[in-house]
J.: 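A single structure is presented below for examination.
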Amino acid sequence: MTSLNFHDFSTSLPDADELVRGLNPQQRAAVEYRGAALLVVAGAGSGKTRVLTHRIASLLATGDAWPSQVLAITFTNKAAAEMRDRVGTLLGREAQGMWISTFHSACVRILRAEAEHFGYTSGFSIYDAQDSRVILKRLIKKYRADVFTLTPRGVAAKISKMKNDLVDADAYLRTTSGSDPVARMIGELFREYEAELRRANAFDFDDLIAQTVYLFRAFPDVAERYRQRFRHVLVDEYQDTNRAQYALIRELTRDGGASLTVVGDSDQSIYAFRGADIRNISEFEKDFPGAKTILLEQNYRSSQTILDAANAVIGNNTDRRVKRLWSDLGTGERIQGFVGYTAHEEAQFVVDTIGALRDEGTRYSDIAVFYRTNAQSRALEDMLIRGGVPYRILGGTRFYERAEIKDALAYLTIVANPNDDQALRRVINSPKRGIGDASIAQLASFAERTGGSLFDALGHAEELGFGPKLRQAMSGFHALITRAAAGSEPLDELARNLLESSGYLAALAASRDPQDESRAENLEEFLSVAAEFVEAHPDGTLVDFLTEVSLVAAVDELDDASGTVSLMTLHTAKGLEFPVVFITGLEEGILPHAMAIQEIGGIAEERRLLYVGITRAQQRLYLSLALNRAQFGGPSASVPSRFLEEIPAELVHWGGARMRRSGLPAAHYSRSTQREQPEIPARSNHADGDAAQPKRRVQRVWPGALTTEVRNNEGLVVSAGDRIRHTAFGEGTVQATTGAGPKLVAQVLFDDGAHKKLLVRLAPIEKISD
DNA sequence: TTAGATCGCGCACCG
DNA sequence: CGCGATCTAA
């Protein structure tokens, strides 16, 4: 290799010129720029990961950085793994020693290393949002804060916001001094909550960032050490950083600290609800005088049609840096729109279309279905199951949030951190040991008097005047944990031993609740995850394992998505791409979400969310909605999303139910919706407040989207003369059939005189006689 | 005092 | 429809 760099030791490094080969001029500039601050405004699909990885490789190749001087921050572990992988491909062994991780992982690593500085031990626990709420619930009760109509959820949100803004309890109380009793109470709860976490040797999610900032501010020598170490900090998805994350970056880059590269796109900022501050990116040049800005506008992902739609939608946001994505991948297919009468019809459309795509050779793993809220996945799942389509859901009730998994983790957490009262409360009575609320309250009061933990209190069960049964249960639990902590078995065996000797697995096996069977299966799955961890990290500790599972994100579970359609929320979709994308539920109240409509800036954020969704699509995009959607227990009528009107009509081919006059502009309907298609009456929905509406209206539907009561009568064959029974229309006689196989349509004369065409595979019918 | 059953409310997005 | 608060039986 003829190397431009003069380091003899770096024979495995690529040539600096090689690294920019095949990059466009802007990408190349972003890779080669050397200066204190660089902002790469990277439109969707503009190759930013490529720029980041090549830039890191370039820094090393030109001798501007050692591996250990690089800190690259991504948004998810999956993104970090991918970046590590790609940097590894470019650099080989040279890539070792870099920190490529999420904000949270990097901060945990720092906090564990420096735990002694703030009176924690390095085995501290990490509380998730649910843990926080449980603690607050107890505190709200204790302080009778419910008279102020304070809820755990609400207070948790306030505390989270404060932490993201680097406001601590004292600072908050100072600003609210006296005047407002509710604010005072919130401040007190905040203070107590902090005390509780400290006693338990625990941090919550927001602490991970905020406490690292406080650490750096309180211990300048510690901060200086990290400033010396990280000479190059690179931050991906910069538009989604919050104030605390911004402060952390500043701490690392100030006073001749690291050079800073940030990559982001303000049009994809979708995390305002957790404190993301769009100004971090929009005012980057002010924050870092002399910063260089590079725009990446060429998109390598999507057809021009898809980009035109995305540009049109996002163009309705004001106050943005105008950029226009372009692609040389060609016009591509038109976007397909579909209007269903119900969420089931909408789901049926998705399933039918997936079937058709599959027939054309599209792989399931190339298809993704997005929705605004997790609740929407249910109807989709139903249809996918009926349609025999393999799918997987990212997020939703995540694996590590399942009660039984959290229980298993709680056992392990107590071993790692016996001060963690929260974990102890969780499993002290699971399985049932007869230790109820009253007994726990007694233990807690003893713990408070003696300044110890609940676990310590358990050790003194004999002295606390409990009955023999309770004493035995308490000492037994204490001994169980003590034994586990003293042993030295690998953690997968430790986990199994805890679940077995605690009686947890036995209780599940003895239960007659059918769900407990799948809980036991989940625990087996968990144990194999632990075994894999041991395999992958022979030197990994229990705390390492607990840290890893605490920080997994929904999208981190995508890896083995082979052969399945992927379902996820629009938020989870960020950073991903798929040849085929469905975006469902394009209705007012869903997208934009009803909550967002009332918030300032809410609509703009929802628009960005749709923009993110659209720009995930490479070749084909489907947009769908349902005019009636069961929500909050009952059905409710909906109106098409305002965003649909922002997409140029000529880009979309609409199918499905005819829309009311108040719906999309007429130009949105294509003639083809008037095609002759099987007719079915709409389910006679409850009065939706509009008496003028005919009770049964004829709708025109996408082929296959036939009825709300969908079945899969796979293989059912009927022919003229057969008698059938329909769940809604009663009995009737088949007059004739058309089509064959899954497309078999029967014309039926029902006994009440009605004449219907039914798609045999899906209609709720059964054959009575030949 | 605990455990199981029933009732009733509320129901984004996430590392 | 899922979860938590509340009721009731032991």
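Hydrogens, waters and symmetry mates are skipped; everything else that's a heavy atom, side chains included, is used. By convention in this document, chain letters (A, B, ...) are assigned in the order of the sequence lines, proteins followed by strands, and residues within each chain are numbered from 1.
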J.: Suppose we call a contact any N or O donor and acceptor under 3.5 Å apart; does that hold for the side chain of A:Glu599 and the base of B:dA12?
T.: yes
J.: Between A:Asn374 and B:dC13, is there a contact of a side-chain N or O with OP1 or OP2 at under 4.0 Å?
T.: yes
J.: Look at the side-chain N and O atoms of A:Lys137 and state whether any lies under 4.0 Å from the OP1 or OP2 oxygen of C:dA5.
T.: yes
J.: Please report, rounded to the nearest Å, how far the P atom of B:dG15 is from the CE atom of A:Met568.
T.: 12 Å
J.: On the nucleotide B:dA3, are OP1 or OP2 found under 4.0 Å from the side-chain N or O atoms that A:Asn429 carries?
T.: yes
J.: Atom CD of residue position A:Glu588 - does it have more than 12 heavy atoms of other residues, nucleotides or ligands inside 6.0 Å?
T.: yes
J.: If you check the A:Lys432 side chain, which of B:dC14, B:dC13, B:dG4 turns out closest?
T.: B:dG4
J.: Using whole Å, report how far CG of A:Asp146 lies from C1' of B:dC9.
T.: 17 Å
J.: Measure OH/A:Tyr611 against P/B:dC13 and give the value in whole Å, please.
T.: 24 Å
J.: Classify the nucleic acid contact of A:Ala375 as base, sugar-phosphate or nothing, counting any heavy atom under 4.0 Å across all strands shown.
T.: nothing
J.: Just to be sure I understand the rule, does A:Asp206 reach a base, reach only the sugar-phosphate, or reach nothing, if contact means heavy atoms closer than 4.0 Å?
T.: base
J.: Can you name the nearest heavy-atom pair linking A:Leu542 to A:Leu412, along with the distance?
T.: CD2-O, 3.6 Å
J.: Rounding to a whole Å, what distance do you find between A:Gln598:CD and B:dC13:P?
T.: 17 Å
J.: What nucleic acid atoms does A:Phe103 come within less than 4.0 Å of, heavy atoms only: base, sugar-phosphate, or nothing?
T.: nothing
J.: Less than 4.0 angstrom from a charged side-chain N to a carboxylate O is my criterion; do A:Glu587 and A:Arg629 meet it?
T.: yes
J.: Please tell me which of A:Ala596 and A:Ile209 maps to the more 5' nucleotide of DNA chain B, matching each residue to the nucleotide holding its nearest heavy atom.
T.: A:Ala596
J.: According to a strict under-4.0 Å criterion, is A:Arg153 in side-chain N/O contact with OP1 or OP2 of B:dC11?
T.: no
J.: OP1, OP2 of B:dT2 versus side-chain N and O of A:Ser439: anything below 4.0 Å?
T.: yes
J.: Quick one: label A:Ser550 by what it contacts on the DNA or RNA (base, sugar-phosphate, nothing), any heavy atom closer than 4.0 Å.
T.: nothing
J.: Between A:Glu462 and A:Arg471, does any side-chain N to carboxylate O distance fall below 4.0 Å?
T.: yes
J.: Any side-chain N or O of A:Thr572 under 4.0 Å from OP1/OP2 of B:dC13?
T.: no
J.: Would you check if A:His593 stacks with the base of B:dA12, given a 5.5 Å centroid limit and a 30° plane limit, both strict?
T.: yes
J.: Which atom names give the shortest non-hydrogen contact between A:Ala247 and A:Leu166, and what distance separates them?
T.: CB-CD1, 3.5 Å
J.: One pair to check against salt bridge (charged side-chain N to carboxylate O under 4.0 Å, His left out): A:Asp382 and A:Arg378. What are the steps and the verdict?
T.: CA-CA 6 Å; A:Asp382 283 353; A:Arg378 181 162 245 108; 5.6 Å; no
J.: What is the distance from CG of A:Asp236 to P of B:dG15, rounded to the nearest Å?
T.: 15 Å
J.: Within the 4.0 Å heavy-atom criterion, would you say A:Arg372 contacts the bases, only the backbone, or no part of the nucleic acid?
T.: base
J.: Take the protein atom CD of A:Gln130 and the nucleotide atom C1' of B:dG15, then report the distance between them rounded to whole Å.
T.: 15 Å
J.: Round to the nearest Å and state the distance from A:Gln515 atom CD to B:dG4 atom C1'.
T.: 16 Å
J.: From C-beta outward on A:Ala438, which listed nucleotide comes closest to its side chain: B:dG15, B:dC13, B:dT2?
T.: B:dT2
J.: DNA chain B: A:Ser160 or A:Met595, which has the more 5' nearest nucleotide?
T.: A:Met595
J.: If you measure from the ring centre of A:Phe273 to the centre of the six-membered ring in the base of B:dC14, is it under 5.5 Å, with the planes under 30° apart?
T.: no
J.: Starting at atom CG of A:Leu551, determine the distance to atom C1' of B:dC14, rounded to an integer number of angstrom.
T.: 13 Å
